[in-house]
Amino acid sequence: MSNEWNLPWEGSCRCGQVRIRVTAPPLLTMACHCTGCQRMSASGFSFRSAIPTEGFKVTTGEPVIGGLHGIHRHYFCPHCMSWMFTRPHGLDQLVNVRSTMLEQASSLVPFIETCTNEKLPWATTPAVHSFGAFPPISDYTALVAEYAQHGSRPPAPG
Ligand SMILES: [Zn+2]
Ligand SMILES: [Zn+2]
């Protein structure tokens, strides 16, 4: 099988106590400008890659629930408290991995951006598609297909 995405990918939290591995290509890469993401990521926007659940694994450490402790489960390193990934409610087939945890982050260019109605005036991303809120669920099939064709691939290691 060809490995154009140069998987697997390795990642970790800030302190390294929690390590993760990705073995399936992302379905979509996203930046979210909502004020919740701004606060939780301590940044201008959050940055994530939707990874099929079977292609994501915590290899070291025990992440804990943080954020809103609500139906969308936000996982953090128990020591450095880095927000690492989210298991969204009702979407058991994917995990939203915070792209900056991965060594390949520089290639995981956000393909869509969401909640631009809440964005900081100076915060811009190179996303191909922008949405004031979130795209309608019916748009995702086309977005995922477009990303599979055009999303930027991380280079081979070394
Ligand atoms: Zn940590
Ligand atoms: Zn958000």
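Because the structure is a prediction, the values reported are computed rather than measured. Positions are given from 1 along the sequence. Order of listing sets the numbers, starting from 1, for every ligand and every atom in it.
Using a 4.5 Å cut-off on side-chain heavy atoms (C-beta onward), Ser43 and Trp83 make no contact.
Atom CE of Met84 is separated from atom OG of Ser12 by 6.5 Å, given to the nearest 0.5 angstrom.
Protein N/O/S atoms found under 2.8 Å from the Zn ion (ligand 2): Cys32 SG, Cys34 SG, Cys37 SG.
Between His72 and His89, the ring-plane angle classifies as perpendicular under the 30° and 60° cut-offs.
Between SG of Cys15 and SG of Cys77, the angle at the Zn ion (ligand 1) works out to 110°, rounded to 10 degrees.
Under the 4.5 Å side-chain heavy-atom criterion for ILVMFWY residues, a single connected hydrophobic cluster contains both Leu108 and Met30.
Side chains of Glu113 and Ser130: a donor-acceptor N/O pair is present below 3.5 angstrom, by distance only.
At a threshold of 2.8 Å, the Zn ion (ligand 1) has no backbone or side-chain N, O or S atom of His79 nearer than that distance.
Scanning both residues, Val18 and Pro78, for their nearest heavy atoms gives CG2-CD, 3.8 Å.
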Please tabulate, for the side chains in residues 141-158, all donor-acceptor contacts under 3.5 angstrom to protein atoms that are two or more places apart in sequence or on a different chain.
residue: Glu146; atom: OE1; partner: His129; partner atom: NE2; Å: 3.0
residue: Glu146; atom: OE2; partner: His129; partner atom: NE2; Å: 3.1
residue: Ser152; atom: OG; partner: Ser107; partner atom: O; Å: 2.5
residue: Arg153; atom: NE; partner: Glu4; partner atom: OE1; Å: 3.1
residue: Arg153; atom: NH1; partner: Ala148; partner atom: O; Å: 3.2
residue: Arg153; atom: NH1; partner: Gly151; partner atom: O; Å: 2.5
residue: Arg153; atom: NH2; partner: Glu4; partner atom: OE1; Å: 3.3
residue: Arg153; atom: NH2; partner: Ala148; partner atom: O; Å: 2.5

